[in-house]
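Structure, as structure tokens:
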Amino acid sequence: MIQTKNNDQHDFEVRSQDTICINESTQQHPWWYNMKYLAAGILLGIVFVKAEIISWYRIQEMFRLQNVHMYGVIGSAVATGMLSVWLIKRFRIKTIYGEPIVFHPKKFNKGQIYGGLLFGAGWALTGACPGPLFAQIGTGATVVIVVLLSAVAGTWVYGRLREKLPH
Amino acid sequence: MTDFLKHPWPWYVAGPLIGLMVPALLLIGNKHFGISANLRHICAACIPAKIPFFQYNWRKESWNLFFVAGIFVGAVIASNLLRDPDPLVIAPALSEEMDSYHLAQTGTLLPAGLFSWNSLLTLRGLVIMVIGGFLVGFGTRYAGGCTSGHAILGLSTLQWPSLVATIMFMAGGFITANLLLPVILKL
């Protein structure tokens, strides 16, 4: 089932076109190196809860223009990210393992329009995007496991119908 | 000493911290910030069903699963050790609207009357959780990313397709929250 090294070209194409989560590293590390990402996730989870980003109410306020909170969060996150990426490019900063950091342009396809609208609808209903779903469960809202399983089902159905959908 | 950490954090603290995830992930392992891809990795790992879209080496992307596991653990820590003693404050106009749907405000992050196991047995709870969740998974994958991958990483790297996606997220959300949700909440 799992594709091996000899199919790396295809593997890369699938990953780069269909998911923004691209792993650029060619380094092979033991599994426990992934604890770095667990630690980063823990920090992000704390921010998600303490800044109330995972609150269904905050998302409703955003879509009703009743509160600047979410606009402030997203806006300042983008500004910080933009400045960081500019600095990385400008000074050709490398990873802690000395690998160059590379960026790939994303190709436009109609999925960003249709899929974007559908995700926006789901975001407004559930008050959560994929990251906050995990955080909501962590705060003790166990029923959100159902929302998460539905999201996995949605992803699976997309994969199943992919060839038939306009892109 | 930790009192200031327990109160809700303002946007100008939270936003930059989230933005710093972009360089942090790049520097510690050349990883691109993006969360919705983990839903695809779960499909690829558990139910690939010979679908080409799920035939790839998900183990190579397993960092993403550790990352979301961290988000879960972080939320457990924040909601226990850093629990805010005060109830959640929401906009007065939203509060009034919630009253009209007979949704009690419990001062929690999620309306308890909507996100509970009992609510799953009601029509409105079912639609919001099951259909809403489905749209989150289907829509993010169709769009090629979610708020983290498109709105934050995509805009940070000046990718115009990500700007299109972000505008569509907001459009879909505005339409649904203002036109569809009021109907669903009255079910």
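Everything numeric in this text was worked out from a predicted model, so none of it was measured.
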Subject >> Region of B/L82 in contact with chain A, defined by heavy-atom distances below 4.5 Å >> reply: both
**OP:** Answer with side chain, backbone, both or neither: which region of B/Q105 has an atom nearer than 4.5 Å to a non-hydrogen atom of chain A?
**Re:** both
Non-hydrogen atoms of chain B under 4.5 Å away: do they reach the side chain of [X], the backbone, both or neither?
X	result
A/V78	both
A/I88	side chain
A/L87	neither
A/F48	side chain
A/A128	backbone
A/M70	neither
A/Y71	side chain
A/A141	side chain

In Å, rounded to the nearest 0.5 Å, how long is the span from [atom1] of [X] to [atom2] of [Y]?
X	Y	atom1	atom2	value
A/T126	B/I131	OG1	CD1	12.5 Å
A/K94	B/L27	NZ	CG	13.0 Å
B/W63	A/L38	CH2	CG	12.5 Å
A/L165	B/F138	CG	CZ	5.0 Å
A/W156	B/L39	CH2	CG	15.0 Å
A/L133	B/N38	CG	CG	9.5 Å

Checking the side chain of [X] only, and the main-chain atoms of [Y] only, is there a donor and an acceptor separated by less than 3.5 Å?
X	Y	result
B/Q159	A/H104	yes
B/N178	A/F63	yes
A/S55	B/L109	yes
A/R64	B/A177	yes
A/E52	B/L88	no
A/K106	B/G154	no

Let's test your reading of the structure: which of [options] forms the most heavy-atom pairs below 4.5 Å with chain A?
options	result
B/I128, B/V164, B/T140, B/I77	B/T140
B/S116, B/P10, B/P16, B/S79	B/P16
B/I152, B/V68, B/L65	B/V68
B/L114, B/V22, B/T147, B/L25	B/T147
B/S156, B/G139, B/G172	B/S156
B/I71, B/L135, B/V73	B/I71

**OP:** Please check if any side-chain donor atom of A/T142 sits under 3.5 Å from a side-chain acceptor atom of B/W117, or the reverse.
**Re:** yes
Original post:
What class does the angle between the rings of B/W160 and A/F108 fall in, given that below 30° is parallel, 30 to 60° is tilted and above 60° is perpendicular?
Top reply: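 Parallel, since the angle between the ring planes stays under 30°.
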Original post:
Looking at A/V49, A/V152, A/I101, A/I93, which makes the most heavy-atom pairs under 4.5 Å with chain B?
Top reply: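 Winner by heavy-atom pair count: A/I101.
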Contact summary for [X] and [Y], nearest pair of heavy atoms:
X	Y	answer
B/T157	A/K89	O-NZ, 4.4 Å
A/Q112	B/A143	CG-O, 3.4 Å
B/V89	A/E61	O-OE2, 4.5 Å
A/K50	B/L5	CE-O, 3.1 Å
B/F115	A/L125	CZ-O, 4.2 Å

**OP:** Report the C-alpha distance between B/F72 and A/F134 in whole Å, list the side-chain angles of each, state the deciding distance to 0.1 Å, and finish with yes or no for ring pair (Phe, Tyr, Trp, His ring centres under 6.0 Å).
**Re:** CA-CA 5 Å; B/F72 169 82; A/F134 293 90; 8.3 Å; no
